[in-house]
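Read through the structure below, which is laid out as structure tokens, and then see the notes.
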Amino acid sequence: MHADGRDARYRLPDDFELRDSVRTVRQLGGRVIRTFVITCRPEPAPAFMFAVGGEHVVPNEAALRAAIAPHYKQVHTVVLPDGEAHKDWQTLNLIFDALLSKGCDRKTVLFALGGGVIGDMTGFAAASYMRGVPFVQVPTTLLSQVDSSVGGKTAINHPLGKNMIGAFYQPVRVVCDLNTLTTLPPRELSAGLSEVIKYGPIADMAFLDWIEANIDALMAQDPAALAHAVKRSCEIKAWVVGQDEREAGLRAILNFGHTFGHAIEAGLGFGVWLHGEAVGCGMVMAAELSLRLGKVDAAFVARLRALIGRAGLPVRGPVIDAADNAGHYIEHMRLDKKAVGGDIQFVVIDGPGKASVCGAPDAMVRDVINACCA
Ligand code: GLY
């Protein structure tokens, strides 16, 4: 432990910076002749929220283009429809159409400017265009800054399952500008807090204590609180991904709440609940499963449920099938990427700050779903 109470295993290098867009552009300049800014429609997409102001470069589209332009021969922009419902082949193909129609070569750099959907699709396009071109993540939502932009997971959805088609492909840089968080709509903020909260029970109870103590400040978009949340989340994520980039084992703990959450997203139809909302509720369900498996006590589950509720997230799951709700959840979860031979694998809490992956009897899973859904 360091004097500041942080676990040394999770520390990022001292030169880790959260706001670094100008340097990024300069570092990449000269090595490429074209760049693309891939972003979402300004309306009605809620993720396209930026504030221009202060002394810092704010990565909205115009600002990013202006910063990039002197360093590249050509800059083009592709505007994509945003939201989980559009994270599909059709939207992905818009990127390829644009790249090819502009004659982009292997030196092209893609910049993903937006939330998790834009980042995941841009990354997948970068991984596959001409068998791989560099890309930079410029995440503008809390969720994408604390989770999806870091670690190299890229994907699109399939109607039958979330993130089913994709690749591990690392961005050359992730640029988080905290100014973009000051105008996030409340739903997006809460969705991002879900992934922040996740890091506590799986890896760092001191961070969970801190989140509980600062949840009101986070909900009020206090810049210092948000900065700490982003930095600490990235530290923990980097520590996990650094040991298991391709999710052979440890990295799966980052999916705490996601098995139930992905079933909610696919069951309701992508985009009805935000990813972070589904994960928030999914963490309550996964904690309930951990309780039934004898790994945590009821007080731990109650504590987590209370915090998730205070973050403005749903703590009860939706009914996705009135006739056989639990069966429908289970059907979706059998398609989860962690499932082996049709056996669902859940991320469970082994004890405060420690997670693992295991199976559970169907009857127990049904019991959890029945107890947790409205
Ligand atoms: N979002 C989970 C992971 O990156 O592994």
Side-chain angles (χ1 to χ4, degrees), residues 1-2 4-12 16 18 116 139 141-153 174 176 178 181 189-215 217-219 224-245 247 249-261 274-287 290 295-296 300-301 303-313 346-357:
M1 277 285 187
H2 282 254
D4 62 5
R6 290 191 296 159
D7 187 324
R9 290 173 303 168
Y10 303 142
R11 280 195 84 109
L12 283 172
F16 174 82
L18 291 171
T141 62
L142 182 60
L143 188 139
S144 57
Q145 293 192 359
V146 300
D147 184 44
S148 63
S149 70
V150 180
K153 277 189 178 176
V174 180
C176 296
L178 298 173
L181 304 182
L189 179 74
S190 292
L193 287 175
S194 175
E195 298 280 8
V196 174
I197 292 168
K198 169 186 84 177
Y199 292 111
I202 65 168
D204 184 356
M205 290 302 285
F207 188 42
L208 191 69
D209 294 341
W210 180 88
I211 299 167
E212 282 177 331
N214 290 276
I215 190 67
L218 290 164
M219 291 292 281
L226 285 172
H228 181 73
V230 171
K231 184 167 186 181
R232 192 80 194 104
S233 300
C234 289
E235 285 176 338
I236 296 170
K237 180 148 190 186
W239 178 78
V240 172
V241 175
Q243 294 173 75
D244 179 24
E245 186 184 0
E247 202 167 306
L250 178 70
R251 184 169 179 165
I253 67 170
L254 298 173
N255 285 322
F256 177 52
H258 287 58
T259 310
F260 290 104
L274 296 177
H275 174 65
E277 293 170 334
V279 167
C281 182
M283 286 193 288
V284 174
M285 296 166 96
S290 309
K295 291 170 180 287
V296 294
F300 181 85
V301 181
R303 181 182 173 188
L304 194 58
R305 180 186 278 112
L307 181 59
I308 289 167
R310 285 179 70 198
L313 294 159
F346 296 92
V347 180
V348 292
I349 302 303
D350 279 337
K354 197 166 178 309
S356 66
V357 178

Taking 4.0 angstrom as the limit, do Asp209 and Arg303 come out as a salt bridge? yes
Glu212/Arg310 salt bridge by N-O under 4.0 Å criterion: no
Are [X] and [Y] side-chain neighbours, meaning at least one heavy-atom pair lies under 4.5 Å?
| X | Y | answer |
| --- | --- | --- |
| Val279 | Phe260 | no |
| Phe300 | Ser290 | no |
| Leu189 | Thr141 | no |
| Lys237 | Tyr199 | yes |
| Phe346 | Val357 | no |
| Leu193 | Met219 | yes |
| Leu304 | Ile197 | yes |
| Ile253 | Ser356 | no |

Using only atom types and a distance under 3.5 Å, with no angle test, would you say the side chain of [X] pairs donor to acceptor with the backbone of [Y]?
| X | Y | answer |
| --- | --- | --- |
| Asp244 | Leu250 | yes |
| Glu195 | Ala191 | no |
| Arg232 | Ala227 | no |
| Lys198 | Leu254 | yes |
| Arg305 | Val284 | no |

List the steps and the verdict of side-chain contact (heavy atoms from CB on, under 4.5 Å) for Leu307 and Leu313. CA-CA 9 Å; Leu307 181 59; Leu313 294 159; over 6 Å; no
Mind listing the closest non-hydrogen atom pair of [X] and [Y] along with its distance?
| X | Y | value |
| --- | --- | --- |
| Gly200 | Phe207 | N-CD2, 4.4 Å |
| Ser233 | Val146 | CB-CB, 3.7 Å |
| Ala217 | Ala225 | CB-CB, 4.0 Å |
| Ile349 | Pro201 | CD1-O, 3.7 Å |
| Ala229 | Val196 | CB-CG1, 4.1 Å |
| Ala355 | Asp350 | C-OD2, 3.8 Å |

Just wondering, more than 12 heavy atoms not from Lys354 lying within 6.0 Å of its NZ? no
The single option from Leu226, Val150, Val230 that satisfies side-chain contact (heavy atoms from CB on, under 4.5 Å) with Gln145 is Val230
Are Asp204 and Leu208 close enough, and set up right, to give a side-chain contact (heavy atoms from CB on, under 4.5 Å), and what steps lead you there? CA-CA 7 Å; Asp204 184 356; Leu208 191 69; over 6 Å; no
Start with the C-alpha gap between His258 and His275, add the side-chain angles, then the distance that decides, and say whether side-chain contact (heavy atoms from CB on, under 4.5 Å) holds. CA-CA 9 Å; His258 287 58; His275 174 65; 3.5 Å; yes
Interatomic spacing from OG in Ser144 to CG in Leu181 - rounded to 0.5 Å: 8.0 Å
Can you tell me how far apart OG1 (Thr259) and CE (Met283) are? Round to the nearest 0.5 Å. 12.5 Å
Evaluate Leu143 against Ser194 for side-chain contact (heavy atoms from CB on, under 4.5 Å), listing each step before the verdict. CA-CA 8 Å; Leu143 188 139; Ser194 175; 5.9 Å; no
Residues in side chain to side chain donor-acceptor pair (under 3.5 Å) with Glu277, at least two apart? Arg187
